[in-house]
Structures are given as structure tokens and as C-alpha cells.
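Letters A, B, ... are given to chains in the order of the sequence lines, protein chains preceding strands, and every chain is numbered from 1. Computed from a predicted structure; not experimentally measured.
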Number of protein chains: 2
Amino acid sequence: MKEITSKQQRVLDCIQIYLNKTGFPPTRADICRELGFKSPNSAETHLRALEKKGFITIESGTSRGISINNQEYLGNKNEYPVIGLVAAGSPTLAEENIERTIECSKSFFDSNFDYFLKVKGLSMKDAGIIEDDLIAVQKTSDIKNGDIVIARLDDEVTVKFFNRKSQQIVELKPANKDFKDIIVDLEKDKLHIEGKSIGLLRKN
Amino acid sequence: MKEITSKQQRVLDCIQIYLNKTGFPPTRADICRELGFKSPNSAETHLRALEKKGFITIESGTSRGISINNQEYLGNKNEYPVIGLVAAGSPTLAEENIERTIECSKSFFDSNFDYFLKVKGLSMKDAGIIEDDLIAVQKTSDIKNGDIVIARLDDEVTVKFFNRKSQQIVELKPANKDFKDIIVDLEKDKLHIEGKSIGLLRKN
DNA sequence: AAAAGTACTGAATATATATACAGTATAATA
DNA sequence: TATTATACTGTATATATATTCAGTACTTTT
């Protein structure tokens, strides 16, 4: 997908808005009316540019034969990958780690998120997180004490409460009395925070 | 919404399929081609009937100016109500009980469901269900032992595990040692099963 | 028994629409 | 410096399309 110009973006937005409003795509004249063009050829050339760049498909000889290609423009839907919490190695978005995908809107968990992490074990049981739950993970380094974080400690990935004790010391606290707190000395141990939980999904 | 005839349903389906395939509505001629009509007026009269019955809207003098009215046909999206678990009274879909709605696809929790129930209390803590969780409820009477049910017992609504002991006796079991089992004698007590949990949603 | 609704064919037509052609002007790229 | 892409106006036109009118036939409702 090539780069889009701001004018072309406005035309693309115009098509989307028209579609949402009416249920069918605009004509060249409709686009002119919406964007203040005085010649249908203005719309035509923009459409041809958008087609060339792969943003839309134009059915030749067909009235209103415009369809938007990129899924992101078709409403607010998206496919989010489900990643297994493998004991070793980080939960990357590499294809071999993706078990499946779930279709859901970007704003489904109020904040934006990046992927679903499938939980193993019961170390967060008292926080209502059990085996096979899907945690909605937001990749971020903006972590506060009390956040549920996805942490990688020496190639081991875990889900725990985050608690910074001092400059050097971070506690990773489970929500289950059968598990011990993990004390991390940032000077000695390699801690990487993948992100934090912003929601949870369970199917039973 | 009036009754639809089978022929009109076929025309409506044809419009939806055409929309999914191309991204824009069909012309009268397109419908004829799809359904084997020999005159564009065949499509025209069906469209007028569908419009009269409220299934579609036709924009006059506009090519492909057909839009499907019923939300169910517009893709797979739907708004699901969030209902608070009020101590007394059943969680009905009456407007005053709907806190808000969540947009999500019908098949989001694999099985179909009807509404979200907002959980109060911690009686199902060990099943990973905590305060303010949203349970995806399927209204059904098809309940098996071990299902998490939404039960109404004398105007009190609770979420519990279902366990039928005998013809007469049903146990409603919490998942928290601080709570006691509820033993229901179907001869004496009025038990109504609203439905069962088929999933869970949490936003934090 | 009459009227209205459904379900078509077939032909005709006004107009809605895509699209080509002729220009002008500016910015970006080779 | 020439070329290509962007960003328009303005005119023209073939055709794609909605829509009306004239029929036929069958079914359902009043």
C-alpha cells in the first residue's frame, strides 16, 4: 500500500462517510458536492489515484461501483491474534505463535489493545484470571503500581501484579497464596515488561 | 414490520449477498440476473414491496439506491445490553435496567447469547468471576450439571453452578468457601433459570 | 364477487452516471 | 531540465439505470 496524500485521504473518508450514511457508495458528482469540487473529473482523478494505490476498487462501467479495500475502513472491525503463553520465549506476534484470531472492535476494551494472551496456570486466580482466559494486552511501558503486567524475566513470561518498591527493586505479585512474590533486582535481572492487561475475555 | 414472502426473502438475500460480494447494492438488472427474472420490472415490484414492508429503503432517482433497514442484515454486528444484577427482581430487558450496550458480533462467544449481566459480589470468585465482570448470558432452558446459571429464586437473582441432585432437588453451588450451597426444593420453592453463562468479559 | 396483493414478461424512456478529452497550474521526482 | 504526480475546471457523450406503462395469471383478502 503506497502513501496516501491528505486530499486523497479526504476523498477516502468522504466515501466511507457516504457509505455509512446511505448504505451505498457515492457517485463522482456526490463526491464533488461533499468536497466542493466543481468538476466530476476532480473526483474521477482522485478515485483513479486511490485505485492505483490499492485503497479502493472501481468496477468499470458501473454506477457507484466503488468499494473500499482496506478492512480498517470497513467499520471499526479488526482481527486480533490470540497468543499462547509459552513457558519459554516471549509472546511475539510471529505467525507460529498465533493460535487463532478474534474479530473485535478496536475500542472494545475502552483502551486500545494489541493482542490476546492465553493464560496458563492459576497464579492470578484471586484476580479472577484462570487457565485459558484471554487477556487483552496493551503493549506499553506506561505501568503503574497495581497494574496487571505481562512480564518477561529471563525468557520466562508471566502475568502478575506490578509493584515498584524502589529504583532498583520491582515486585511481581501473584494473586494466589500458593505462589510467592517474585522480587526483581533491576541491576542483576533482565526484566522486560511486554505490556499490561486492560481486559479479559473468557469463553466457556 | 410486516410478513415477508419467500420470494421477497430471496430478493432481500440477493441484495445482501451482492452487497457482501461487491460492496455496493445491485441494480434491478443485477437482481434479474441473479434470480433469473427476464424483466427489470420483476425486480422493481419486489423492491417496492420490500420498501412498503419496511425491509429496505429506496432512494428515488438514484442508481443502486437500495439500503437494507434491519440491522441484522448489515453485517454481523449487534448491540448487546448490559444489565445490572439487581438484588431484587429479574434482570429483564426493560429499558430502565439497561446500563449501556456493547457492540459485538453474534458469534463472539462461539454460541449465541442475549445480554451481558454485570456481576455483584464474589460468590463465584473461584470460578474466576469477580465484581463488575460482565457475563455473557444465553437465555435457554438447556442446562446441564456444572453449568454456570443465572437463577431467580423468589425474586432474588444469583449466578451459581447448577447441580441437579434428583427430580425434586437442585443445588445452586457458589465457587467460594465463604458462601453456602443453596438447596432448592422444586416442590416448595419457585426457581426460574434465566439462562446460562457462555462467556465473560472484563474491562479494567 | 370484487379488490388487492403477488409474481411475472416486454417495451419504452428520461435521466443518472461513468468516462473521455481539452485545458491550467503546482509540486515532486528523475 | 524533463517527467511524472497531484489537483483542479469545463464540456461532452455513450450508456447504465430507474421507472413508467401495458399486459397476463394466480392467490388472498374483504
Problem set entry | Which residues share a side-chain hydrogen bond (donor to acceptor under 3.5 Å, both in side chains) with A:E34, sequence neighbours left out | none

Using distance only, find each side-chain donor-acceptor pair of residues 35-42 of chain A under 3.5 Å and give its atom names and separation, not counting sequence neighbours.
unit_1 : atom_1 : unit_2 : atom_2 : d
A:S39  : OG     : A:N41  : N      : 3.1
A:S42  : OG     : A:S39  : O      : 3.3

Problem set entry | Closest approach of A:F113 to A:A136 (non-hydrogen atoms, all atoms of both residues) | CD1-CB, 3.9 Å

Problem set entry | Atom pair distance, as rounded to whole Å: CD1 in B:I31 and P in D:dT19 | 12 Å

Exercise. Angle, rounded to 10°, between the helical axes spanning five pairs at each terminus of the helix from C:dA1-D:dT30 to C:dA30-D:dT1?
Worked result: 40°

Seminar exercise, completed: By side-chain hydrogen bond (donor to acceptor under 3.5 Å, both in side chains), B:Q168 pairs with (sequence neighbours left out) none

For this session: Treat primed atoms plus P, OP1 and OP2 as sugar-phosphate and everything else as base, then score nucleotides 2-7 of chain C 5' to 3': B for base contact with protein heavy atoms under 4.0 Å, S for sugar-phosphate contact only, - for none.
Result: ---SSS

Problem set entry | Partner set under side-chain contact (heavy atoms from CB on, under 4.5 Å) for A:A43, not counting sequence neighbours | A:R28, A:I31, A:C32

For this session: Using side-chain contact (heavy atoms from CB on, under 4.5 Å) as the criterion, list what pairs up with B:A49, not counting sequence neighbours.
Result: B:Q8

For this session: Write down the distance between CG (A:L47) and C1' (D:dT6), rounded to a whole number of angstrom.
Result: 14 Å

Problem set entry | Under 4.0 Å protein heavy-atom contacts per nucleotide of nucleotides 13-23 of chain C, with B for base, S for backbone only and - for none | ---SSSB-BB-

For this session: Could you pull out all residues at least two apart from A:L122 that satisfy side-chain contact (heavy atoms from CB on, under 4.5 Å)?
Result: A:K125, A:I130, A:N176

Exercise. What residues, two or more places apart in sequence or in another chain, satisfy ring-ring contact (aromatic ring centres under 6.0 Å, His included) together with B:F162?
Worked result: none

Seminar exercise, completed: By side-chain hydrogen bond (donor to acceptor under 3.5 Å, both in side chains), B:S123 pairs with (sequence neighbours left out) B:K160

Exercise. Listed by chain and number, what are the side-chain hydrogen bond (donor to acceptor under 3.5 Å, both in side chains) partners of A:R33, not counting sequence neighbours?
Worked result: A:D30

